[in-house]
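Quantities reported herein were computed from a predicted structural model and do not represent experimental measurements.
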Amino acid sequence: MFIEADLSLISENWRVIAEIEDRFPVVDVLALCARYFRSHRMVTSEGIEHNVALYYLGRYLLGYGLVDVMNKAGTPVVMNIAGPGVGAPGIHWNDLGLERGYDGWTAMLQGGRLNDLLGVSFAEGGSTRRARYVLLFPGGTRTGFAGEFDAATAAHVDRMKRAARPVEFTVPPILEIIDAPPRQPLSAVVCDADR
């Protein structure tokens, strides 16, 4: 089943959650991968900076919104594809949308840090949330590198694409974790590039 949605919108996330709950009594795995890089700041139609909305808030809503159907699974897993522990530790708490001095890389790194905290808060749910939460960086992967780039960022992304590994190398470690979830409520995994 494919559900088309703009996951940068709160309303769309709620629609997706309702549709999944309506069609599936149990969800075993939730893979959170949506991300779209922007060199220039954009605000969604709901008034939230796009990167915060898509890369963090959408993942927050889906993870917490699907708790009930995931609690019915044998060994449920939330797989948050992010960059655990990567980048500067700071979060612009007084300016999450980076209205003052937006930079695409800062937005992306901040989103990663927010996802780290999302994993921590989810895992602290104890018996109310059975899913194991895994923050995972599969390594540089040759995907579409979706985004809207200025010239300097486009050049950097081209170099990243050339250095990235094919999907065939990055998907197996993800599947291994899904098939045999860690025992801990929260794990952070950075896959070895030589694997």
Quick one: does any side-chain atom of [X] pair with a main-chain N or O of [Y] as donor and acceptor, under 3.5 Å?
{"X": "Asn71", "Y": "Thr128", "answer": "yes"}
{"X": "Glu49", "Y": "Val52", "answer": "yes"}
{"X": "Arg132", "Y": "Arg183", "answer": "yes"}
{"X": "Glu21", "Y": "Leu66", "answer": "no"}
{"X": "Asn115", "Y": "Leu118", "answer": "no"}
{"X": "Arg130", "Y": "Ala73", "answer": "yes"}
{"X": "Arg41", "Y": "Gly97", "answer": "yes"}
{"X": "Asn13", "Y": "Leu7", "answer": "yes"}
{"X": "Arg165", "Y": "Pro138", "answer": "yes"}

- List the steps and the verdict of side-chain contact (heavy atoms from CB on, under 4.5 Å) for Met79 and Leu32. CA-CA 6 Å; Met79 177 70 68; Leu32 304 168; over 6 Å; no

Hey, does [Y] have a side-chain heavy atom less than 4.5 Å from the side chain of [X]?
{"X": "Asp150", "Y": "His40", "value": "yes"}
{"X": "His92", "Y": "Thr106", "value": "yes"}
{"X": "Ser45", "Y": "Leu9", "value": "yes"}
{"X": "Pro76", "Y": "Asp28", "value": "no"}
{"X": "Pro182", "Y": "Ile177", "value": "yes"}
{"X": "Arg35", "Y": "Ile81", "value": "no"}
{"X": "Asp103", "Y": "Leu98", "value": "no"}
{"X": "Gln110", "Y": "Tyr56", "value": "no"}

- Decide side-chain contact (heavy atoms from CB on, under 4.5 Å) for Leu62 and Val78; before the verdict, give the C-alpha distance in whole Å, the side-chain angles of both, and the deciding distance to 0.1 Å. CA-CA 10 Å; Leu62 289 168; Val78 176; over 6 Å; no

Cluster question for you: counting only ILVMFWY and a side-chain heavy-atom cut-off of under 4.5 Å, with indirect links fine, are [X] and [Y] together?
{"X": "Val120", "Y": "Leu136", "result": "no"}
{"X": "Phe137", "Y": "Val167", "result": "no"}
{"X": "Val77", "Y": "Tyr60", "result": "no"}
{"X": "Ile17", "Y": "Val67", "result": "yes"}
{"X": "Ile3", "Y": "Ile10", "result": "yes"}

What are the two closest non-hydrogen atoms of [X] and [Y], and how far apart are they?
{"X": "Val69", "Y": "Pro25", "result": "CG1-O, 3.6 Å"}
{"X": "Tyr102", "Y": "Arg38", "result": "OH-O, 2.9 Å"}
{"X": "Ala34", "Y": "Leu54", "result": "CB-CD1, 3.7 Å"}
{"X": "Ala53", "Y": "Ile48", "result": "CB-CG2, 3.8 Å"}
{"X": "Ala5", "Y": "Arg15", "result": "CB-NH2, 3.4 Å"}
{"X": "Thr44", "Y": "Ser8", "result": "CG2-O, 3.7 Å"}

Could you tell me the separation between the [atom1] atom of [X] and the [atom2] atom of [Y], rounded to the nearest 0.5 Å?
{"X": "Ile174", "Y": "Glu176", "atom1": "CD1", "atom2": "CD", "value": "10.5 Å"}
{"X": "Leu96", "Y": "Asn51", "atom1": "CG", "atom2": "CG", "value": "11.0 Å"}
{"X": "Ser121", "Y": "Leu186", "atom1": "OG", "atom2": "CG", "value": "9.5 Å"}
{"X": "Thr170", "Y": "Leu175", "atom1": "OG1", "atom2": "CG", "value": "9.5 Å"}
{"X": "Thr153", "Y": "Glu148", "atom1": "OG1", "atom2": "CD", "value": "12.0 Å"}

- Task: Could you check whether the rings of Phe37 and Phe149 sit parallel, tilted or perpendicular, using 30° and 60° as the cut-offs?
- Result: tilted

- Query: With under 30° as parallel and over 60° as perpendicular, where do the rings of Phe122 and Tyr133 fit, or are they tilted in between?
  - Reply: tilted

- Task: Carefully, step by step, assess Leu30 and Met70 under the rule side-chain contact (heavy atoms from CB on, under 4.5 Å).
- Result: CA-CA 8 Å; Leu30 174 62; Met70 292 195 77; 3.9 Å; yes

- Task: Please assess Ser11 against Glu46 for the test side-chain contact (heavy atoms from CB on, under 4.5 Å), listing each intermediate value before the final yes or no.
- Result: CA-CA 9 Å; Ser11 57; Glu46 294 175 333; 3.0 Å; yes

- Item | Contacts of type ring-ring contact (aromatic ring centres under 6.0 Å, His included), residue Tyr55, not counting sequence neighbours | none

- Message: Tell me whether Tyr64 at atom OH has more than 12 heavy atoms from other residues, nucleotides or ligands lying less than 6.0 Å away.
- Response: yes

